[in-house]
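Below: the structure, in structure tokens.
Only this structure's heavy atoms are used, side chains among them; waters, hydrogens and symmetry mates stay out. Residue numbering restarts at 1 for every chain, and letters A, B, ... go by the order of the sequence lines.
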Amino acid sequence: MTETRLRFPPSPTGYLHIGGARTALFNWLYAKKTGGKLILRIEDTDTERSTQDSIQGILDGLEWLGIDWDEGPYFQTEYSHDHLAAANRMLAESHAYKCFCTKEELEARKEAAMAAKQVVGYDGTCRNLSPEQVTEKESAGSPFVLRFKVPERSGMLGYDDKVLGRIEINYKEVDDFVIVRSNGTPLYLLCNVVDDIRDRISHVIRGQDHMTNTTRQVLLYEALGAPLPVFAHMPLTLDLKKAKISKRKHGEIVAVHFYQEHGFIPWALCNFLALLGWSPGDDREIFSREELIEAFSLERINKANSIFNYRLGDEKFFTDPKAIAINEHYLRTMDIGEIGDMVQKVLEKEGLWDLSYAGERKDWYLHTLDLTRDRFHTLNDFATLGRAYFADDFQVEKKPLEKNLLKFPELKEWLPQLADRYQTLDLFTAEETERVAKELADEKGVKPGVIINGMRTVVTGQLAGPSMYDILMVLGREKVVQRLRDVSRLFQ
RNA sequence: GUCCCCAUCGUCUAGUCAGGUCCAGGACAUCGGCCUUUCACGCCGACAACACCGGUUCAAAUCCGGUUGGGGACGCCA
């Protein structure tokens, strides 16, 4: 069997979004699965909208996700010679013809067809121009485009789709499409096929929104005398209103960098994306890289579109709850060293990173992450909810402040007293600090919870957290005493 | 409007090709409980779906037809 060759061909007209990332992921998975190659090709023939920033954004996004490629990036504009050669060959072999219809004429005819509720498509006006007529128009300087000449055949035009099965359409439904613009530049339908042939692409995995393109491209392959690749059209990812997700309509929430900025673990996002439109056939939902590659197959890609269940304006569920759940799973179960590397970037960005965390305090650093990660949802939480572990300027949240502190005014006196006792403790251990805290509660005639929760609020700013005495050990006597003594500032 | 594709819990899905083991399984979310003198994690439990109509069959979520619904495409964008 010859090598499988797949490609991811983004057009650099914006950031990488999750739909594109998912397409890239599926292609990557299949390439890995079959021991083949993934080719990255930047389809930048839309010079109006392509930008350098976008190219960089796509590259960065793929790198962050861990989707690597074997060849490229190739740039489509660098192969325009190939595209034009193919177009000229088709013209010479009567697979294409010059069309002199102007945009205005086409527009008028289209509207007329719409009004008359007829099929909207090119009517073939220039298809049967005689050589003399063509020469005449050309010498008159009339601009022209090149149109593909759809064969006059009865019956059906089709292909076998790996996920959808046989797809067919009647030849008469396909109108003659433009392959080269009047300014001489080739169009997507053509470039894409020419490049896929040159790059020896064996499998084309793309969204179902390309299905009509595929039927027309089948004709192009035929005209160019090239064998058809295997086609697999993935279901689309829809928004809550069941519209195709797009950068323009959905903005940040569908951008890969949004997840990076919100503290997602890259592989967690890949894992989530893989489950959107594919399943292994059993109950597994969490996959390592190797497991996913092993389990993946084109046949198990779903036919039906899926909905990206994002939520806007929800603090905890800022995106699809399942994506967050998967992220949490990795956050709690991954090797703490790997988590440490990822959190380092977050802390650096927030100005909370200390070089000693990678040196003499590394054990402390990793222990702290391990202690707190069970309650967190994203990597960013270490710098926000967990800020008190790395800095003194943390915020005391309103809810615990009112519930655990202001409600008990006596704590203004008691907590500094506790600080004094901690200060003079022979051994600052979990057992000792617990004993002393309970002792104080006993003396004051309150439940230990009053002291403990007040202490938690002052020391971490949070309502929830790990075992109080574990926290004290991580923070160390000095910080604990200092924060407890300073409690009066919160009673202002 | 025309063509193409699709249709199982709120969401992601298993089951459909080889009809019975499915009064439909898992996950997320939600709700309840256990655990925890915090909150989570974890564990246990509950709620919740075969779009509709007809046909084939002893038997249909599964096969066939239709209806409805949803999506996509209809560019000198990619």
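- Backbone-only contact: A:Val178 has heavy atoms under 4.0 Å from sugar-phosphate atoms and none from a base.
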- Query: How does protein reach along nucleotides 8-14 of chain B, written 5' to 3' as B (base within reach of a heavy atom under 4.0 Å), S (only sugar-phosphate), or - (no contact)?
  - Reply: ---SBSS
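- The aromatic rings of A:Phe148 and A:His95 sit parallel, their planes meeting at an angle under 30°, below the 60° perpendicular limit.
- Atom CG of A:Leu238 and atom P of B:G69 are 17 Å apart (whole Å).
- Between A:Glu168 and A:Lys241, the one whose closest nucleotide on RNA chain B sits nearer the 5' end is A:Glu168.
- Remark: aromatic rings of A:Phe258 and A:His262 are close, center separation under 6.0 Å.
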- Classify every nucleotide of nucleotides 32-46 of chain B by which part a protein heavy atom approaches to under 4.0 Å, writing B for the base, S for the sugar-phosphate alone and - for neither, in 5'-to-3' order. -----BBBBS-----
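- Residue A:Ile167 is in sugar-phosphate contact alone, with no base atom involved, counting any heavy-atom pair closer than 4.0 Å across all strands shown.
- For A:Tyr159 and A:His233, the ring centers sit closer than 6.0 Å to each other.
- Following rounding to the nearest Å, A:Leu190 (CG) and B:C77 (P) show an atom-to-atom distance of 13 Å.
- Both tests pass for A:Arg198 against the ring of A:Tyr79: distance under 6.0 Å to the centre and angle within 45° of the axis.
- Aromatic rings from A:Phe26 and A:Phe296 are positioned such that their centres are separated by under 6.0 Å.
- Note on residues 263-287 of chain A: pairs passing salt bridge (charged side-chain N to carboxylate O under 4.0 Å, His left out), not counting sequence neighbours, are A:Asp282-A:Arg284, A:Glu285-A:Lys322.
- For the side-chain contact (heavy atoms from CB on, under 4.5 Å) with A:Val487, the lone residue among A:Leu415, A:Thr457, A:Leu411 that qualifies is A:Leu415.
- At whole-Å resolution of the value, OH in A:Tyr122 and P in B:C76 are 11 Å apart.
- A salt bridge links A:Asp199 with A:Arg41: at least one charged nitrogen is closer than 4.0 Å to a carboxylate oxygen.
- A straight line from CG of A:Leu240 to C1' of B:A29 spans 14 Å, rounded to a whole angstrom.
- We find that OH of A:Tyr159 is positioned 8 Å from C1' of B:C4, with the value rounded to whole Å.
- Residue A:Glu173 contributes atom CD, which lies 6 Å from atom P of B:C3 at whole-angstrom precision.
- Contact between the side-chain N/O atoms of A:Lys244 and the OP1/OP2 oxygens of B:A73 is found at a separation under 4.0 Å.
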